[in-house]
Amino acid sequence: MTEATLTQVGKISSFTPTIHYQVAMPQPENHLFEVVLHLSGWKLPVLDLKMPVWTPGSYLVREYAKHLQDFSASAGEQTLAWQKLSKNHWQVETGDRPDITVRYRIHANELSVRTNHLNATHGYFNGAAIFFRLPGLEQQPIQVAIAPPRSDWRVTTPLPAVPGQTNTFTATDFDTLVDSPFEIGCHQSHQFEVLGKSHELAIWGKGNADAAKMIPDIKKIIELEAELFGGLPYDKYIFLLHLASQNNGGLEHKFACSLIYSRFGFRDREKYERFMQLVAHEFFHLWNVKRIRPKALEVFDYDNENYTPSLWFCEGTTSYYDLAIPLRAGIYNDKTYLKNLSKEITRLQITPGRLVQPASESSFDAWIKLYRYDNNTNNSQISYYLKGELVSLLLDLSIREKHQNRRSLDDVMRLMWQQFGKDEIGFTPTQLKQVIESVAGTNLDDFFKSYVNGTEELPFDRYLEPFGLKLVAEDEESVPYIGMKLQAENGKDTIKFVEIDAPAQRAGIEPGDELLAIDGLKATANNLNDRLRDYQPGDAIEVTVFHQEELCTHTVTLAAPRPSRYQVVPVENPSPTQKQNYEGWLGSRC
Ligand SMILES: [Zn+2]
């Protein structure tokens, strides 16, 4: 913040203009939200308006201002002059006018939980991607009136309605406005109660989602997470579900979550269970990350990246619970749980970047790395979701073993809620470690040095053994190792990834090359493994590719097969203690 801005902020806090937005969508087919900002009681010669560059929960600068067009400002009949001071900063010359009107349009044609979408079937928006922040006035209440294009379109948002005014809502401050998505249209709306609190499942889009079947499972998830944290810290909560052809995902809010899921992903059992994991994940966030927040996210800076090394806890630990909660809810059994856990361990163990980037660094660099996948990503990075989830597994297992299941990671979550979440006091990495240590009853310097801030291999067996389990590495296919991954696209077989130091890389094969032949015979994404099975480790093969349209042949010396799958399996003849530990953790064995 500059000195000049500080003076302006100082003056602003001495008066309280009213802030009122109207959002209309007269022609939803053109994907344009028409926004009008009315300010009354304005007292300064200029008005600064800043569009957030990101939205909390999604750690990437998304430049929401790029969707803004047709900006104008006026006071009564008079047009006001304005200028842009930076990519997301508009400044209007208001003179001595107390009543200001600002108009602009927002193009909304990106269907995701963190962006805006408007078409003939509905409108959906996130506050950060449509509303201006008025520097210095973030604590002022903001009214939002929605003007739907048709009389049968309804409005669903976690914001409270203004009594007596149609489709008008109030946010107590700018953070609340940003944290409150809007769904406008003819969506389904299902109301239900859990622990005396109202809940709503709103569904937009066609597909095979069956609310009557889903709600009992969602209720169980709510009950279990409420039990874990000791109650529900809200009066009403909304699950906003978009059914679409792609883009599965979610975005957490304090009083709602936005979910997007495959429209036909609800009949197949495995897909349905994955959806329930998504529900468990986003709902868990209403505590972990929305209220239990790292210090760096205690006060959001909407203009810049907000750096924290703790996303491994915010996202990873939440991921650990999104696997555990459906098990506790009886949505799947321990066998399915261990199968899912095995898949996660496999994903970690086949990613070379796990030995390069610590979980804390992955968290810190989320802004430039996780959401910006390139062909070196798997060689140099590890997701803080994945690593954080498996670090949480080890922490939970070590606490449970030491205290015979009388303590667990649940106690860590409860304590974090009591000490930081309830009053929304940001925690530091040191405070987080201290809370975990206090529950574990042991010093975790080495653990954090090796697995959170370092890149040592996670020693799964050491932690699984007391629970009568072990990790088995499998190579199902006995394919000599070449170290490249292909994808068939547009009639070509393109090499998408070449593993660091793998035989393919040593021979000079690059991502982006088009695979043509092995030893003079056509090779494809589909038959590569089959072809390689005819060779032995140590064999030299001739791999022919197009590299930037140039025909090249490389001699690749194949290596011994690498494990392609890891499975958590029971040890033979578990001891009574191992059985007891297992049951305390996962319930009775199926
Ligand atoms: Zn998450």
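As a basis for the values below, the full set of heavy atoms in this structure was taken, side chains included, without hydrogen atoms, waters or symmetry mates.
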Distance-only polar pair, side chains of His242 and Glu183, donor-acceptor under 3.5 Å: yes

Trp42 and Phe15 aromatic centres sub-6.0 Å: yes

Inter-residue atom distance Asp396.CG - Ile436.CD1, 0.5 Å rounding: 11.0 Å

Donor-acceptor contact present, side-chain Arg263 to main-chain Gly205, <3.5 Å: no

Ring centre gap for Tyr337 and Tyr332 strictly below 6.0 Å: no

N/O donor-acceptor pair under 3.5 Å between Asn306 side chain and Phe300 backbone: no

Flag side-chain contact, heavy atom, 4.5 Å: Ser363 against Ser310: no

Check against salt bridge (charged side-chain N to carboxylate O under 4.0 Å, His left out), Asp175 and Lys254: CA-CA 11 Å; Asp175 283 340; Lys254 270 187 187 165; over 6 Å; no

Residues His187 and Thr156: side-chain donor-acceptor under 3.5 angstrom: yes

Under 3.5 Å: donor-acceptor pair, side chain of Arg293, backbone of Lys290: yes

Side chain Thr94, main chain Pro45, donor-acceptor under 3.5 Å: yes

Side chain to side chain donor-acceptor pair (under 3.5 Å) partners for Glu34, two or more places apart: Arg105

Student check: side-chain heavy atoms of Glu110 and Asn116 closer than 4.5 Å: no

Euclidean distance, Tyr104 OH relative to Leu32 CG, rounded to 0.5 Å: 13.0 Å

Ser258 OG to Leu251 CG distance, which is reported to the nearest 0.5 Å: 6.0 Å

Centroid separation Phe132 to Trp90 less than 6.0 Å: yes

Donor + acceptor pair across side chains of His31, Asn119 (<3.5 Å): no

Heavy-atom check, side chain of Leu286 versus side chain of Glu252, under 4.5 Å: no

Expected output: side-chain Ser262 to main-chain Phe264 donor-acceptor under 3.5 Å: no

Pairing of Glu223 and Lys220 as salt bridge, 4.0 angstrom limit: no

Electrostatic pair Asp374-Lys369, nearest N-O below 4.0 angstrom: no

Flag, side chain of Asp70 to backbone of Arg103, donor-acceptor distance under 3.5 Å: no

Main-chain N/O of Glu138 paired with Asp173 side-chain donor or acceptor, under 3.5 Å: no

Between Ser112 and Thr115: side-chain donor-acceptor atoms closer than 3.5 Å: yes

Beyond-backbone contact of Ser392 with Leu409, side-chain heavy atoms, under 4.5 angstrom: yes

Tyr59 and Tyr371 aromatic centres sub-6.0 Å: no

Between Tyr124 and His117, ring centroids under 6.0 Å: no

Aromatic ring pairing Phe131/Tyr21, orientation class (parallel under 30°, perpendicular over 60°, tilted between): tilted

4.5 Å side-chain heavy-atom contact, Ile292 and Phe229: yes

Phe364 ring center near Tyr307 ring center (under 6.0 Å): yes

Mutual orientation of the aromatic rings belonging to His199 and Phe192 [parallel < 30°, tilted 30-60°, perpendicular > 60°]: parallel

Beyond-backbone contact of Pro160 with Phe169, side-chain heavy atoms, under 4.5 angstrom: no

Aromatic ring proximity, centroids under 6.0 angstrom, Tyr237 and Phe255: no

Donor + acceptor pair across side chains of Glu200, His190 (<3.5 Å): no

Side-chain donor-acceptor contact under 3.5 Å, Thr79 with Ser74: no

Mutual orientation of the aromatic rings belonging to His281 and Tyr385 [parallel < 30°, tilted 30-60°, perpendicular > 60°]: parallel

Glu225 side-chain N/O to Phe284 backbone N/O, donor-acceptor pair under 3.5 Å: yes

Intermediate values then yes/no, side-chain hydrogen bond (donor to acceptor under 3.5 Å, both in side chains), His38 and Gln143: CA-CA 10 Å; His38 287 294; Gln143 269 201 4; over 6 Å; no

Side-chain donor-acceptor pair present, Trp204, Thr121, cut-off under 3.5 Å: yes

Salt bridge Lys66-Glu63, side-chain N to carboxylate O under 4.0 Å: no

Main-chain N/O of Asp303 paired with Asn88 side-chain donor or acceptor, under 3.5 Å: no

Salt bridge present between Arg269 and Glu273 (N-O < 4.0 angstrom): yes

Which atom pairs, donor and acceptor, lie under 3.5 Å between side-chain atoms of residues 415-423 and protein residues at least two apart or in another chain?
residue: Gln418; atom: OE1; partner: Lys422; partner atom: NZ; Å: 3.4

Donor-acceptor side-chain pairing of Ser383 and Gln381 below 3.5 angstrom: no

Pair Asn126-Tyr64, side-chain hydrogen bond (donor to acceptor under 3.5 Å, both in side chains): steps then yes or no: CA-CA 10 Å; Asn126 278 289; Tyr64 291 123; over 6 Å; no

Heavy-atom side-chain proximity of Thr176 to Leu159 below 4.5 angstrom: yes

N/O donor-acceptor pair under 3.5 Å between Thr308 side chain and Pro294 backbone: no

Any side-chain heavy-atom pair of Thr168 and Val144 under 4.5 Å: no

Side-chain donor-acceptor pair present, Thr318, Asn288, cut-off under 3.5 Å: yes

